[in-house]
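Worksheet: one structure, shown below.
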2 protein chains.
Amino acid sequence: MADTTENEFLKTYDANAFPRPSVAVDVALVTIDDDRLQTLLIRRNEHPQRDSWSLPGGFVRLDESLDATAERVLATKAGLTGVYLEQLYTFGEPVRDPRTRVISVAYYALVPPEKLRRVAIGADQCLAAIRVPWAGETGGAVELLAPNERRLKVAFDHGEIVGMVVKRLRGKLAYAPVGYALLPKRFTLLQLQRVHEIINGSTVNKDSFRRRMLASGELEETGAMQEGVGHRPASLYRVSARKNVPHG
Amino acid sequence: MADTTENEFLKTYDANAFPRPSVAVDVALVTIDDDRLQTLLIRRNEHPQRDSWSLPGGFVRLDESLDATAERVLATKAGLTGVYLEQLYTFGEPVRDPRTRVISVAYYALVPPEKLRRVAIGADQCLAAIRVPWAGETGGAVELLAPNERRLKVAFDHGEIVGMVVKRLRGKLAYAPVGYALLPKRFTLLQLQRVHEIINGSTVNKDSFRRRMLASGELEETGAMQEGVGHRPASLYRVSARKNVPHG
DNA sequence: ACCTCTTGTATGCACCAAGCATATATGCAC
DNA sequence: GTGCATATATGCTTGGTGCATACAAGAGGT
């Protein structure tokens, strides 16, 4: 990791006096509700970027792993534990934060809506809808909408971070069982299909999707059915125990 | 990124006195030569992990982006510029380095073998072959072999880092034009096929591969042919200019 | 000149998964 | 019961892939 020169450097200069960047972990807490991707934002009432909205985050403590920091942020800011959590990308432009050099390790977390609905959304918090302007191909920043559909002013590069979350989800969806983390323990095939469609911003063929999912071996019938839905109830499935699939 | 509490924390305590982790960038410089994946390692002649082999790396300077650090590391340790370079993952276990808390942002670089053969391999450097023990499914650490086929003692978690590079390459190969960065500007379809096979650790059907690549629109005929190959020469292709494909 | 070796290039066919259409089943509201 | 909305099953079409076969083209030996 460090070559001779830099090891010498560290020895010569006292490690704690040598100016180092701060390292923060920012977490995009993502769910699907109201047929949209949503993420939790926090209003900044401090300089810099006061009155803009940012992802929940916190600085990494010296004795704490990055994953542990992300879990602590989720527990502190949203009261959530035991959710699907994965590192996304590390953002390190020198000018991200005018106070000091901050390197931000971005994570994303996936939770089913019922679980997120149980957590209290504080006055300085907001569950923002993610509008993806690039349905077709590439990446970039997304737009974040308040519950009243107004577009939010987003702090730092957090719009790009959420954009990269969507891009990553789309990539993983094709080959990894990632959609289940956004669903309750028992769900119908149509619910799973909606998850895929909302993430990808496109529709899929119902029958093919159904066949593909049932053939994947990731699903297991619960035997139970939907109740009180006003039409023919669908079978409820759960993720197969054997497959070690992350789910909500 | 920081909530009120932590902003206050930063103001109360002098920023530079507050102990922060060091942030390093480690780069896996990957090429394909001798029908194997290879990566550049550097022998450590300093504590810790003395006499083991590590990826080239360096600490992030305060005014330097992470990408710039990775480029500097490549230029300093291998004399290479202008290569395909991409961030991989950030490793932040508190116990990685016994000296101090070091958070390492891992990058990987892809270069064609001819380019790497031109750089001088120093006495404390080594182009190690990557042996992937998990041809089938999952990830984990890889084994790194010296030119004499002896297995190298690898420092820190750098074996896992290279393992994650292979995993990432396999993932990207399926949907992204990533193989071209490991080939010279002009190459035959069979060379491209070998790149795919070596990365994936499996063989592919020649005709299907050929059809798929030609149909992808990523390739362009140069009109030129191989020369002096002792058998029927193959057409030389290059990456299509329109496609904005990274290549060596 | 001819043959042989090796690799490149082209064509046809079988197979499988996805898209698509159609038919039938099932629970709820009336 | 009827109507409605959705679930579920079946069959056909299509495109891509695996596979086999045939042919082309250069190098080198005889």
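Sequence lines set the chain letters: A, B, ... in the order given, protein chains first and strands last, and positions in each chain run from 1.
Within the shown strands, D:dG1 is the pairing partner of C:dC30 under the Watson-Crick or G-U definition, both distances less than 3.5 Å.
For the pair A:Ser208 and C:dC20, the criterion of a side-chain N or O lying under 4.0 Å from OP1 or OP2 is not met. Residue B:Arg210 places at least one side-chain N or O under 4.0 Å from the OP1 or OP2 atom of C:dT9.
You'll find the ring centres of B:Tyr180 and B:Phe187 inside the 6.0 Å limit.
Nearest-nucleotide positions on DNA chain C place B:Thr188 closer to the 5' end than the other of A:Glu227 and B:Thr188. Heavy-atom distances to DNA chain D give each of B:Gly228 and A:Leu214 a nearest nucleotide, and the one nearer the 5′ end belongs to A:Leu214.
A side-chain donor-acceptor contact under 3.5 Å links A:Gln193 to the backbone of A:Val204. Remark: the backbone N or O of B:Leu29 is paired with a side-chain donor or acceptor of B:Thr39 at under 3.5 angstrom. Proximity of a side-chain donor or acceptor of B:Thr69 to a complementary backbone N or O of B:Ser65 within less than 3.5 Å is detected.
A salt bridge does not link A:Glu114 with A:Arg117: none of the charged nitrogens is closer than 4.0 Å to a carboxylate oxygen. Ion pair B:Glu143/B:Lys153 not flagged as a salt bridge, since none of the NZ, NE, NH1 or NH2 atoms sits closer than 4.0 Å to an Asp/Glu carboxylate oxygen. B:Arg36 has a carboxylate O that lies under 4.0 Å from a charged side-chain N of B:Glu149, or vice versa, which qualifies the two as a salt bridge.
Among the atoms of the strands shown, base atoms are found under 4.0 Å from some heavy atom of B:Arg211. In this structure, A:Leu190 reaches the sugar-phosphate backbone alone: every heavy-atom distance under 4.0 Å involves primed, P, OP1 or OP2 atoms, never a base.
Across the protein-nucleic acid pair, B:Lys206 atom NZ and D:dA20 atom C1' stand 14 Å apart, rounded to whole Å. Across the protein-nucleic acid pair, B:Gln226 atom CD and C:dT6 atom P stand 16 Å apart, rounded to whole Å. Rounded to an integer number of Å, the gap from CG of A:Leu236 to C1' of D:dT6 is 14 Å. Atoms CZ (B:Arg212) and P (D:dG16) sit 12 Å apart, rounded to a whole Å. Taking atom CG of A:Asn205 as the reference point, atom C1' of D:dT8 lies 14 Å away to the nearest angstrom.
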Distances for protein N or O near nucleotides 21-24 of chain D N or O, under 3.5 Å:
residue : atom : partner  : partner atom : Å
D:dA24  : N3   : B:Arg232 : NH1          : 2.6

